[in-house]
Structures are given as C-alpha cells and as structure tokens.
Amino acid sequence: MTIFEGKGICEAVAMGKISVIRKQKKEIERKIITDIKKETERFENAKDEVLSELEMIREKAVGKVGEEGAAIFEIHKMMIDDEDYNDFILNMIKDEKVSAEYAVFSASEKFSELFSSMENGYMKSRSADIKEISQRFINHLSGIDDNYEISEEKVIICADDLSPGETILLDKEKILSFVTAKGSLNSHTAILAKSMNIPAVVNVGDGFLSLIKDGDFAIADGFSGKFILNPDEETISYYNKKSEEYKERETILLSLKGKENKTIDGRKIKVFANIGDEESITAVKENDADGIGLFRSEFIFLRRDDFPTEEEQFSVYKKVAEEMSGGKVIIRTLDIGADKQADYFGLPEEENPALGLRGIRLCFSRKDIFKTQLRALYRASVYGDINIMFPMITSEKEVDEILSLCKEVRKELEKEGILFDEKTELGIMIETPAAAIISDDLAKKVSFFSIGTNDLIQYTLACDRQNLSVEKFCDTHHKAVLKLIETTIENAHKNGIWAGICGELAADISLTETFLEMGVDELSVSPSYVLKLRQKIRETDLSK
Ligand code: PEP
Ligand code: MG
C-alpha cells in the first residue's frame, strides 16, 4: 500500500481500478539520414496511416457530435494532403538529408507561424491544426500511441495534469474519480470536477505516475486529499464504512429537497447552481437548485476543435433555458484566456496570462466571435429566463461598449425578423478589485452583479490561482476580499439591483452567515453543494 498526499476536491470517495493517461512529448532532434528513398517511403507510409486514423476518428466523432461537429477532422485530412506542406517536407528530406520526423516538425513550425501571423481569425486558428496534424504524423513515425481510450469499466483516471479542455472531454459515465500529479484547488479543472460531482485528488506530486500502472486498485479520497495505491484490507474496510456514513449524510441532505433557503429568523435567499455544460442540468435538478447562477459558456468552446457556430450555441442555450422550465439561467459570455485555452483561437503566448487578454478583453478583440455568441443568446432568450453576464470587467467604458454591442445585435435581429426577449437582463461579474471599488457607478448601468471570488481573491491578494507555491498566501477570508464583497453588495442595493456570489467562496459554509449579514441575494455553487448550503442557511439565525 502506498499513500500519496494531495488536495481533495469534491467531498466523496472513489474506489476502483485506475487508468493512466500518459501524454508523450518527444523532443525532435535534427537527425541526418543516408537513405533518402527509405525516408521518403517512411513519410508516405505514415501519411497513409494518419489519413486512415483521421477517418476513423471522424466517423466516431460524427456519432458523438454530428457531421458539423466532426468537420474539423475532414479539414485535418485536407491539410495532410496539402501540396505546400508535403513539398516542404519531401524537399527537406531530399535536400537536407534529415529524418522525416524532423522535416515534419520543421514544417509544423513554419506553417503554424505563417498561419498565426495572418489577420483573418479563421486562418489564424489553423495554426493549432497544423501543430496537431504534425504531432499525429510524428507519433506515427516514432511509434507513439497518444490516443487514449477509457475502458468500459468505470475507472479512476490518473494523469500528470489535465487541462479544463481535456477534463470536459472525459466521459463522465466512465469515470470514478481523477487524480493528477499537478493542479491547484482553484484551477478550472478542479472547479469542473466539482460541477461534475466527481471526487478528485490533485497535486499528489510528480513521482506518482512512475509508480502506477493501468489496472492497479486504488482509493481517491476527495475529503482528505489522499490517493491510496493498492490499499490493504483494513484501509478498504475503513473506506467502505466512510462511504456508508457519506450515504447517510446524503440521505439527510436529500430530505431538504423542496424546502426553502430560509434562515431561522426568516431571511430568504436564492441558491443557484454553477454549470459548464448542458448535461449538468440533470445534477442541477437533482439537487433542487433555484436556477443557474453561472453557466461558464467557454466550456462549449473548450470541448471542440473549432468555433461553435451560432446555430450550435443557440441549441445549447435553448436547451438549458427550456430544461430549467422558466427558472433563471445566467449565461456568462466567453471567458477564454489564462488557464482556459483553446488552441484554435490562435492566441499568442503571454507572459502573464491571468493579467492578459482574457474574458471580455478577448471578446472585444474578436467581435465576430462575441457577436455570434450574443446573437445565439438573444435568440434563445424566448425559450426561458435567460440573463447574460459578462466576465472580467474593470471599467465603465467596457460596460458601455458591451451595452452598445448588445444593442447592435438586438437591432440586427429585429431587422431580420428574429424573435428575442427584449427584457433579457444584462449583468456583470465583479471579479476584479477595480470593479468592486467602482461598483456604485457600474450598478447604474446593469441589472445585476455576480461576484466572482475566485478571480477577486487572485487579483486582490496578487496570488495566481494556478500557482501552488503561493497558495498559502491566498487567504480566502482576507479582510480586503470580504470588504470588497461587502462594498459590492451595498452598492448594488443602493442602486436597486441584486448581487450574488458565484465564485467558490459561495460554497464555504463558514462564511454563509457573514454573506447573509452583508445582504447577499443569491449564492451560486456547484450542484453537489446546493443542499449542503441550504442546510447551513436553514440552521442560521441572524437575529442572534
Ligand atoms: C470567479 O472568478 O470567481 C468565477 C466564478 O469565474 P471563473 O472561476 O470561471 O474564473
Ligand atoms: Mg473568474
């Protein structure tokens, strides 16, 4: 038995076999060859293999996401066949007598740079595709199998790290838990685990991957953050008992379904749920949330290889609105950037991505993408109570620009005779100290505030939420953070609008009473925390 200490996410325990995702990255050396004919043949054979592999993936993708969603693999096939790309590689093998791997790698560098320097957004995003097809080529040439398939049996996924994009692509039905060598508690990957209600353990340390193999039996304890490899009988029975206790607590919580979120002295507040995909609506309903306080729409973008069309987005927003049967649904516009990266955006690397082109800033620089999303949102607004929320606000000027873009979109739709709900409310996230400080002015321009404590904490305390080495400086109860939350709620009320909290702090029940005293109107948490929060609210007496 080996015990790894990490950080637990989502209070639950998983026991079962593990499946290891090993992402291989191979350094490509400039290797000189002597037999040009043989090297050219290696390249041509690999090309045939890559093409048939892409066709196989495309067929699978059609089954999962339809023809349109799978179109990217058709594009990849065409790129593999591109004459310039092929000529570059074959000439390099012939003229410079280098290995096919190195020639493909050089082609990847050259063409991806070329694409990313282009003005046109569509062409720019092809840069990531070039890198992807070239990597596939290199894998074939070097005999690396980078396609991981999860077995039919439910497993504990173990990996070095998982990006939010990789996490969202995992098939929830086949996962017991996931455990990563890296990762921090406030990362989006951790937040996703919570919203999927999957117990997870992150940051178990770099060495762990070399000590595990597929099929090993393990326990992932989301309470204590322990990952226990090959547990002994005593440990297994301890965790079986713990699971029973957990089930009993769940039964008590389930009895709170249908009950009000009301304190002993009669103060009522709304408890909403945070989601990242439409499938999580089931969990929202199962946990009896009053509405959706934060739909992180960027996850629609992260689970794909290309921009979702207006139609595709519309159908997701419509589905969410309809399934919530008139309940409030707050959809946040695209918050790509920082740790949430989609290669096809073709964004340049940044020194400080958390302080970079993310959220609304990116939307302003890519108005085509932003307006497509706004159109889809407005079109879906007639199917339920959709509210639109904007991330990463720092100034009144930004809000003015948003309002004028929304007006533009409404006018366009009107002209085209497309229906939308004119009363669709627009709100903003208060997740920068600047926004909290000027919340009195911002409140005059929008219909609601939702406080994003994850970023508010990171920016107030100057603590990168991804960086484990500064986690100890990240005091989530810091006076400065609480003061900014209080100011925001006060200013919202002074101006007649409501204010909620949708960051992870909303689920911290040691602060529930403080938030209620501040007058917060809504708390939005991962679906699995809704009933725990309801329980806490119902036990609170503000008159004491
Ligand atoms: C936040 O910053 O608190 C928030 C809810 O947004 P995200 O975690 O997606 O950045
Ligand atoms: Mg945020």
Side-chain angles (χ1 to χ4, degrees), residues 9 163-165 167-168 183-196 202 271-277 280 289 291-303 329-342 352-363 387-394 398 427-436 439 448-467 474 476-478 481-482 484-485 488-489 499-508 511 515 520 522-527 529 533:
I9 291 165
S163 70
T167 313
I168 195 96
S184 79
L185 281 181
N186 293 317
S187 65
H188 283 95
T189 307
I191 291 171
L192 265 175
K194 273 192 220 164
S195 77
M196 292 165 146
V202 298
V271 177
F272 285 179
N274 296 346
I275 60 166
D277 55 28
S280 302
I292 290 170
L294 170 66
F295 179 1
R296 290 179 164 95
S297 71
E298 57 276 10
F299 288 126
I300 303 175
F301 290 70
L302 289 181
R303 62 203 296 187
V329 176
I330 301 175
I331 304 182
R332 178 176 74 184
T333 56
L334 192 59
D335 186 19
I336 287 281
D339 65 323
K340 289 177 286 193
Q341 295 288 347
N352 281 310
L355 304 180
L357 196 66
R358 64 168 287 200
I360 201 68
R361 303 168 178 187
L362 174 67
C363 288
N387 303 258
I388 310 175
M389 176 157 82
F390 303 91
M392 276 297 286
I393 301 297
T394 58
E398 287 160 354
I428 54 171
M429 294 209 50
I430 301 291
E431 52 183 347
T432 64
S439 50
F448 63 91
F449 284 161
S450 190
I451 305 170
T453 51
N454 308 333
D455 280 315
L456 188 62
I457 293 167
Q458 120 161 309
Y459 296 129
T460 306
L461 304 181
C463 279
D464 179 354
R465 63 197 267 194
Q466 295 288 108
N467 185 344
C474 183
T476 57
H477 292 202
H478 195 290
V481 173
L482 296 178
L484 290 174
I485 295 175
T488 304
I489 298 171
I501 302 175
C502 64
E504 295 308 292
L505 214 55
D508 181 341
L511 282 175
F515 292 150
V520 75
E522 172 246 27
L523 292 169
S524 192
V525 295
S526 292
Y529 282 75
L533 187 54

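We count ligands from 1, going down the list as the structure has it; atoms in each ligand are counted the same way.
- Of the heavy atoms in L294, only side-chain atoms (C-beta onward) come closer than 4.0 Å to ligand 1.
- Within the 4.0 Å heavy-atom shell around ligand 1 one does not find M392.
- Remark: distances from the non-hydrogen atoms of Q458 to ligand 1 are all 4.0 Å or more.
- In this structure, M429 counts as a contact residue of ligand 1, since one of its heavy atoms falls inside 4.0 Å of the ligand.
- Using a 4.5 Å heavy-atom threshold, the side chains of I430 and L484 count as separate.
- When only interatomic distances are considered, the shortest N/O to N/O separation between E504 and ligand 1 does not fall below 3.5 Å.
- Residue R358 approaches ligand 1 through these ligand atoms, each under 4.0 Å from one of its heavy atoms: 10 (O).
- Taking all heavy atoms of T453, L505, N454 into account, the minimum distance to atom 4 (C) of ligand 1 is reached by N454.
- Heavy atoms of M389 stay at 4.0 angstrom or farther from ligand 1.
- Each of D464, T453, T432 was checked for a side chain to side chain contact (heavy atoms under 4.5 Å, CB included) with Q458, and the lone residue meeting it is D464.
- Between R296 and ligand 1, an N or O atom pair is found at a separation short of 3.5 Å.
- The Mg ion (ligand 2) has no N, O or S atom of D335 under 2.8 Å away, backbone or side chain.
- A salt bridge is defined here as a Lys NZ or Arg NE, NH1 or NH2 lying under 4.0 Å from an Asp or Glu carboxylate O, and D335 with K340 meets this definition.
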